[in-house]
Participant: 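Got a structure here, written out as structure tokens. Questions coming.
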Amino acid sequence: MVTIKSKKEIELMKEVGKVVAKLYEKLEKEIKPGMTTLELDELAERTMKELGAEPAQKGYDPGIRGVPKFPSSICVSINDEVIHGIPSKYKVIQEGDIVSVDTVALKNGYNGDAARTFAVGKVSKEAQRLIDVTKQSFYEGIKYAKPGYRIGDISHAIGEYVHSQGYSVIREFQGHGIGKEMHEDPGIPNYGKAGRGLRLEPGMTLAIEPMVIQGKPNILELDDGWTIVTEDASLAAHYENTVLITENEPKILTII
Ligand code: MG
């Protein structure tokens, strides 16, 4: 179901959005070579709690037989891992890694969702370009995140930009509406035809999230039931914000 948020609900969405924004300011400062992804996870959980929120992903049940509940507070995906990496005390972040973090915070019954790919230490030029293109593709998409356009306009703009830069988007996962539920309608693919899909209206809140691969778009799921990696072992990056549709320009809720 697509939900249109009331004024009151929008205030609550802004509040949880700020939690996610502050969390990323903290993680960006603290992420370092030698840190394990579990340490990053623990820092994220502590920070969310200090900000009065809960990690919504912890214990998330995908409702797929045989797939365990997500055990951690954030997803941490390194290099060729695209999304849904599970933090571990055995996974040490190395100089030169690109590390994608995806977080959903829950406060006062509302969810805020954002993802960033961090360059740890000095990364290759090509890795930095992938991070930059992924972020820019989000901004290309939200040029159409306003009344008068449709979901397909956002999807098309993201996909076209990514492809024009020589990269791929994954097709199996997509952005989504967000509010009381972490995942609400509509789905927001990162490719597609302009002029198609749901018409955008003020009060919609959308998690728009390009997941971009350096090489071919094919992905694999690891045996842990969660981690998604690129099939050709090329690098992947992720950039996401929760966005409010207004009468005019969109408002990004997960950046302060
Ligand atoms: Mg997310």
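The figures that follow rest on heavy atoms only: side chains count, while hydrogens, waters and symmetry mates do not. Keep in mind that this is a model prediction, so the values were computed, not measured. Both ligands and their constituent atoms are indexed starting at 1 by order of listing.
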Participant: Is the Mg ion (ligand 1) less than 2.8 Å from an N/O/S atom of Asp102, whether that atom is in the backbone or a side chain?
Facilitator: yes
Participant: Main chain of Tyr139, side chain of Tyr239: is a donor-acceptor contact present, judged purely on distance under 3.5 Å?
Facilitator: no
Participant: Could you go through the side-chain contact (heavy atoms from CB on, under 4.5 Å) check for Arg196 and Arg150 one step at a time?
Facilitator: CA-CA 6 Å; Arg196 301 281 177 89; Arg150 295 172 182 258; 5.7 Å; no
Participant: Which N, O or S atom name in Asp113 marks its closest approach to the Mg ion (ligand 1)?
Facilitator: OD1
Participant: Quick one: does Glu95's side chain have a donor or acceptor within less than 3.5 Å of a partner on Gly121's backbone?
Facilitator: no
Participant: With the Mg ion (ligand 1) as the point of reference, which N/O/S atom of Glu240 is the closest?
Facilitator: OE1
Participant: Test: salt bridge (Lys or Arg N to Asp or Glu O under 4.0 Å). Region: residues 121-144. Which pairs qualify, not counting sequence neighbours?
Facilitator: Glu126-Arg129, Glu140-Lys143
